[in-house]
Trainee: 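Quick one: structure below, then a few questions.
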Amino acid sequence: MKNKVGCTLPVIDSVTLSLTSTCNISCTYCQNYTYFNTLGRKVVMPEKVLSRIISSYLSFAMLNQQQRIQFVFSGGEPLSVGLEYFNKVIQIQNKFLKNNEIQVINSIQTNGTLLDQNWISYIKDNNFHICISLDGPKFIHDKQRVDFTGKGTLYRVIEGIQLLQANDVPFNFLVVITKNSINHEEEIYRFLYTLKPTGIGFLPCMNRGPVISPKEYAEFMIRMFDLWFEDGNYQIPIREFKYLLLTMLGMKNEPRLCDYCGDCPRTINICPDGTINVCDFYMGAKEGILGNILDLDFVELVHSHKFQEFKRLTKNVPKSCRGCEYFEYCRGGCPYRRNNFTQVDYFCPARKQIIQYVGTTLENSINRMVEASPKLKHALNENEIPNLR
């Protein structure tokens, strides 16, 4: 992408602001547990850091002529900073957003336990997107998402979801797949869809707690795809499958899922003290630190040696990736899971299985449609249906 003065700048799709190290629950698999303990469990991003991030990112996006950007507010638990803090966010954005050329999306990633009517009204009035961490039915969720007394949190999350529903506020789910999830795909699927989210994303647990293997991940996702595809619940997309299907059909599919992007970093993370990380997976990891927002703005960041070197290494995938029939979909996977760029993605075997299965299912569905419709078959008789696997 070229900016107004003709210089090519990398695209940064979103910025995640880890507003605070404070969290009111203690998930068994929290990937940032060690980092936040080192940082201190009651640290909140100062206003000068918040203002610097917002102003710099907006200026960068305008210069880069980006039509859409996203601020994701995370933690810790972001709602623990309070409503007045989020009022500052809106005030700062309004101060620096000088026109409506850019679509600014504000998203909150929350555990859902602090949602009340005041928060719901604020979220609705200010058009915030909201994504709730929910891992499934009580026997799964309450085993791994507990408070500091060890008590499950599902009932509090459900109370928050009911408030969102009562106020017509849409919400998404982010589901962490753990050892506890395996062989419970249908219970998880039915439970999640009963709550009527607008979308669902799945994240495999791999660092801490009840981690899963690539084989388990593949089997879980393939079973989940079958449930979703056979039900025809396309109005409530599962992001991983939506991405693959749109890509296989050659349809517009932006922004790409970050770990299918092959162009990292595009979704950077900034900690309460202003430390810039490649993404939130890299919080507390030296190899993922790109600098500090108080020392450099976004234009300086993307021209920095650390940023450019990381982007170069991201594209330097193993030869086995470049020759892989699934590379056009996978793009080498997630750098964090590539062991300092020396190996293929840890979940590579699983991703291959998932892509192949989705492609085969789609291809078979198209073939059945063609065979069932003489007119469609005639229209396509000179165009071989592509191999989608």
Side-chain angles (χ1 to χ4, degrees), residues 16 18 23 25-37 72 74-77 109-113 131-148 150 152-154 157 172-189 191-192 197 199-225 227-228 238-241 243 257-260 267 269 277-285 288 330 333-339 343-354:
T16 297
S18 294
C23 192
I25 68 174
S26 182
C27 299
T28 59
Y29 52 67
C30 179
Q31 67 181 25
N32 298 326
Y33 176 83
T34 301
Y35 171 74
F36 282 143
N37 272 352
V72 180
S74 179
E77 170 50 46
Q109 178 64 51
T110 176
N111 61 41
T113 63
C131 183
I132 297 174
S133 295
L134 179 66
D135 291 346
K138 180 180 176 64
F139 72 92
I140 296 173
H141 184 96
D142 280 357
K143 187 179 290 186
Q144 51 203 34
R145 298 188 67 83
V146 299
D147 63 21
F148 285 95
T153 60
L154 181 62
V157 180
N172 294 333
F173 288 144
L174 181 63
V175 183
V176 177
I177 311 165
T178 72
K179 203 68 116 177
N180 301 318
S181 313
I182 306 305
N183 297 322
H184 297 295
E185 293 86 355
E186 185 159 5
E187 294 106 309
I188 294 170
Y189 174 84
F191 177 76
L192 296 175
I200 300 172
F202 287 100
L203 189 66
C205 178
M206 63 168 286
N207 284 333
R208 181 174 178 263
V211 301
I212 61 171
S213 67
K215 181 177 183 294
E216 290 171 326
Y217 177 52
E219 290 173 351
F220 179 95
M221 292 299 286
I222 286 171
R223 178 61 181 140
M224 193 60 65
F225 176 75
L227 290 163
W228 177 73
I238 294 175
R239 64 177 184 184
E240 291 80 7
F241 305 145
Y243 162 75
L257 282 178
C258 76
D259 63 342
Y260 286 83
T267 58
N269 166 271
N277 302 292
V278 170
C279 71
D280 53 0
F281 280 130
Y282 281 95
M283 288 175 65
C330 174
C334 174
Y336 182 78
R337 299 195 297 252
R338 279 166 50 193
N339 193 21
Q343 299 176 15
V344 298
D345 188 312
Y346 172 73
F347 285 111
C348 172
R351 288 156 70 89
K352 285 181 178 179
Q353 284 182 260
I354 295 165

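In this chain, residues are counted from 1 in sequence order.
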Trainee: In plain terms, say whether Lys215 and Glu219 are close enough for a salt bridge, that is, a side-chain N and a carboxylate O under 4.0 Å apart.
Mentor: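 Yes.
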Trainee: Can you measure from CD1 (Ile188) to CG (Asn183) and round to the nearest 0.5 angstrom?
Mentor: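 Output value for this atom pair is 10.0 Å.
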Trainee: Suppose we screen for side-chain hydrogen bond (donor to acceptor under 3.5 Å, both in side chains). Which residues come up paired with Asn207, at least two apart in sequence or across chains?
Mentor: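 Asn207: side-chain hydrogen bond (donor to acceptor under 3.5 Å, both in side chains) contacts with Tyr336.
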Trainee: So which heavy atom on Pro197 is nearest to which on Ile200, and how close?
Mentor: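 Where Pro197 meets Ile200 most closely, the heavy atoms are CG-CG1, 3.9 Å.
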Trainee: For the residue pair Leu154 and Leu134, establish whether any side-chain heavy-atom pair is separated by less than 4.5 Å.
Mentor: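 Yes, side chains in contact.
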Trainee: Within the structure provided, determine whether Phe241 and Met221 are in side-chain contact (heavy-atom separation under 4.5 Å).
Mentor: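 Counting from C-beta outward, Phe241 and Met221 do come under 4.5 Å.
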Trainee: Is there a side-chain contact between Cys23 and Asn111, using heavy atoms and a 4.5 Å cut-off?
Mentor: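 With C-beta onward as the side chain, the pair touches.
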Trainee: Check whether NZ of the Lys or CZ of the Arg Arg351 lies under 6.0 Å from the centre of the six-membered ring of Tyr346 and within 45 degrees of that ring's axis.
Mentor: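 Geometry flag: not set, cation outside 6.0 Å or 45°.
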Trainee: Is there a side-chain contact between Arg239 and Leu174 (heavy atoms, below 4.5 Å)?
Mentor: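 Side chain of Arg239 against side chain of Leu174, heavy atoms only: contact under 4.5 Å found.
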Trainee: Run the side chain to side chain contact (heavy atoms under 4.5 Å, CB included) check on Tyr217 and Ile354 step by step: do they pass?
Mentor: CA-CA 9 Å; Tyr217 177 52; Ile354 295 165; 4.0 Å; yes
Trainee: Restricting to non-hydrogen atoms, name the atom on Asp345 and the atom on Cys334 that form the minimum distance, rounded to 0.1 Å.
Mentor: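 Closest pair (atom of Asp345, atom of Cys334, distance): OD2-N, 2.9 Å.
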Trainee: State, yes or no, whether a side-chain contact exists between Lys179 and Glu216 at a heavy-atom distance under 4.5 Å.
Mentor: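 Yes, close enough: below the 4.5 Å cut-off.
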Trainee: Which residues satisfy the side-chain hydrogen bond (donor to acceptor under 3.5 Å, both in side chains) test with Asp280, sequence neighbours excluded?
Mentor: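 So Asp280 forms no side-chain hydrogen bond (donor to acceptor under 3.5 Å, both in side chains) with any residue.
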Trainee: Any chance you could measure Ile238, atom CD1, to Leu227, atom CG, to the nearest 0.5 Å?
Mentor: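 Ile238 atom CD1 to Leu227 atom CG measures 8.5 Å (nearest 0.5 Å).
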Trainee: Which is it for Ser26 and Asp147 under the side chain to side chain contact (heavy atoms under 4.5 Å, CB included) test, yes or no, and what are the steps along the way?
Mentor: CA-CA 5 Å; Ser26 182; Asp147 63 21; over 6 Å; no
Trainee: Minimum heavy-atom separation for Val176 to Ser181, with atom names?
Mentor: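 Looks like O-OG, 3.9 Å.
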Trainee: Does any non-hydrogen side-chain atom of Ile25 lie less than 4.5 Å from one of Cys27?
Mentor: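 Side-chain contact under 4.5 Å: yes.
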Trainee: Under the criterion side-chain hydrogen bond (donor to acceptor under 3.5 Å, both in side chains), which of Arg145, Arg208, Gln144 is the partner of Tyr29?
Mentor: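 The side-chain hydrogen bond (donor to acceptor under 3.5 Å, both in side chains) with Tyr29 is passed solely by Arg145 among Arg145, Arg208, Gln144.
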Trainee: Write down the atom of Pro214, the atom of Ala350, and the distance for their closest heavy-atom approach.
Mentor: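 Closest approach of Pro214 to Ala350, heavy atoms only: O-CB, 3.2 Å.
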Trainee: CD/Glu185 to CE/Met224 distance, rounded to the nearest 0.5 angstrom?
Mentor: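 CE of Met224 is found 6.0 Å from CD of Glu185.
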Trainee: Sequence neighbours left out, what passes side-chain hydrogen bond (donor to acceptor under 3.5 Å, both in side chains) with Tyr33? Give chain and number order.
Mentor: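 By the side-chain hydrogen bond (donor to acceptor under 3.5 Å, both in side chains) rule, Tyr33 matches Asn37.
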Trainee: Are side-chain heavy atoms of Asn269 and Ser18 found at a separation under 4.5 Å?
Mentor: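 Touching, per the 4.5 Å side-chain cut-off.
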Trainee: So which of Phe225, Phe347, Tyr189, Phe202 actually passes ring-ring contact (aromatic ring centres under 6.0 Å, His included) with Phe220?
Mentor: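 Option passing the ring-ring contact (aromatic ring centres under 6.0 Å, His included) with Phe220: Phe202.
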Trainee: How far does OG1 of Thr113 sit from CD of Glu77, to the nearest 0.5 angstrom?
Mentor: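 Rounded to the nearest 0.5 Å, the OG1-CD separation comes out at 5.5 Å.
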Trainee: Going through the checks in order, is the side chain to side chain contact (heavy atoms under 4.5 Å, CB included) test met by Ile212 and Ile177?
Mentor: CA-CA 8 Å; Ile212 61 171; Ile177 311 165; 3.9 Å; yes
Trainee: For His141 and Gly136, work out which heavy atoms get closest and say how close.
Mentor: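 Looking at all heavy atoms of both residues, the closest pair is CB-O, 3.5 Å.
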Trainee: Is there a donor-acceptor pair under 3.5 Å between the side chain of Asp142 and the backbone N or O of Thr153?
Mentor: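 Yes.
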Trainee: Is any side-chain heavy atom of Met283 closer than 4.5 Å to a side-chain heavy atom of Phe36?
Mentor: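 The answer is yes, as the side chains (C-beta and beyond) meet within the 4.5 Å cut-off.
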Trainee: Between Asp135 and Lys143 (salt bridge meaning N to carboxylate O under 4.0 Å), is one present in this structure?
Mentor: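 No, no charged N to carboxylate O under 4.0 Å.
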Trainee: Working note: Arg337 + Asp259, criterion side chain to side chain contact (heavy atoms under 4.5 Å, CB included); need CA distance, chi angles, decisive distance, verdict.
Mentor: CA-CA 10 Å; Arg337 299 195 297 252; Asp259 63 342; 3.2 Å; yes
